[in-house]
Amino acid sequence: MAEYRISGIWKNSDGIITHYAVHLRTKNADGKSYTIDKAVKMTKAAAVELLQKPSNTAKTYLWDYAAASWFAGGDVHVVAGNQSFLRTTHDGTVRDNLLHLINYRYIY
């Protein structure tokens with residue numbers, strides 16, 4: 001079982017998400033704390049494939065400006081179809097609603 005965090009997105013000129021910033025979360029040797037790897041830029045198709053594996057889970061990874069730290073947000077799930085996509089369950093809306101994440105297109 002692998003745990004992931006998704007901190008950001010890349011969109012094309014039509015505003016469609018094309019890539020996600022995916023971080024692997026692993027338990028440290030002490031069994032109590034975790035390490036979260038640097039983001040890997042992953043295509044939408046690759047992220048969907050990764051999370052379609054029943055043993056993999058993901059949450060959004062949000063920046064708390066007041067505390068200057070990251071925290072886990074909502075669970076991320078695959079919505080299967082002709083064009084599968086990722087969504088959170090926070091508001092129950094069936095759409096590609098990870099648009100609230102950081103748009104990394106402006107960074108790199």
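All values reported here derive from a predicted model rather than from experimental measurement.
- Applying the ring pair (Phe, Tyr, Trp, His ring centres under 6.0 Å) test to every pair with at least one member in residues 22-44, sequence neighbours left out, gives these pairs: His23-Tyr61.
- For the side-chain contact (heavy atoms from CB on, under 4.5 Å) test, residues two or more places apart in sequence or in another chain that qualify with Ala47 are Tyr20, Met42, Leu86.
- At most 12 non-hydrogen atoms from other residues, nucleotides or ligands lie less than 6.0 angstrom from CD of Glu49.
- With hydrogens and angles disregarded, a donor-acceptor distance shorter than 3.5 Å links the side chain of Asn12 to the backbone of Asp14.
- Across all their heavy atoms, Leu62 and Gly73 have their closest contact at CD1-CA, 4.0 Å.
- Contact annotation: the side chain of Lys44 never approaches that of Thr18 to less than 4.5 Å [non-hydrogen atoms, C-beta and beyond].
- Rounded to the nearest 0.5 angstrom, Lys11 NZ and Ile17 CD1 are separated by 7.5 Å.
- Considering all non-hydrogen atoms of both residues, Leu101 and Gly8 come closest at CB-CA, 3.9 Å.
- Here the closest non-hydrogen pair linking Ala2 and Leu24 is CB-CD1, 4.2 Å.
- Contact record, Ala21 with Trp10: N-CZ3, 3.5 Å, taken as the closest heavy-atom pair.
- Taken to the nearest 0.5 Å, the CG atom of Asp37 stands 9.5 Å off from the OH atom of Tyr4.
- Judged purely by atom type and a 3.5 angstrom limit, Thr35 has no side-chain atom pairing as donor or acceptor with the backbone of Thr26.
- The minimum heavy-atom distance linking Ala72 with Arg5 is given by the pair CB-NE, 3.7 Å.
- Residues passing the side-chain contact (heavy atoms from CB on, under 4.5 Å) test with Ser69, sequence neighbours excluded: Ala67.
- Taking every heavy atom of both residues into account, Val76 and Thr88 meet most closely at CG2-CG2, 4.3 Å.
- Distance CG/Leu51 to CD1/Ile6: 5.5 Å, rounded to 0.5 Å.
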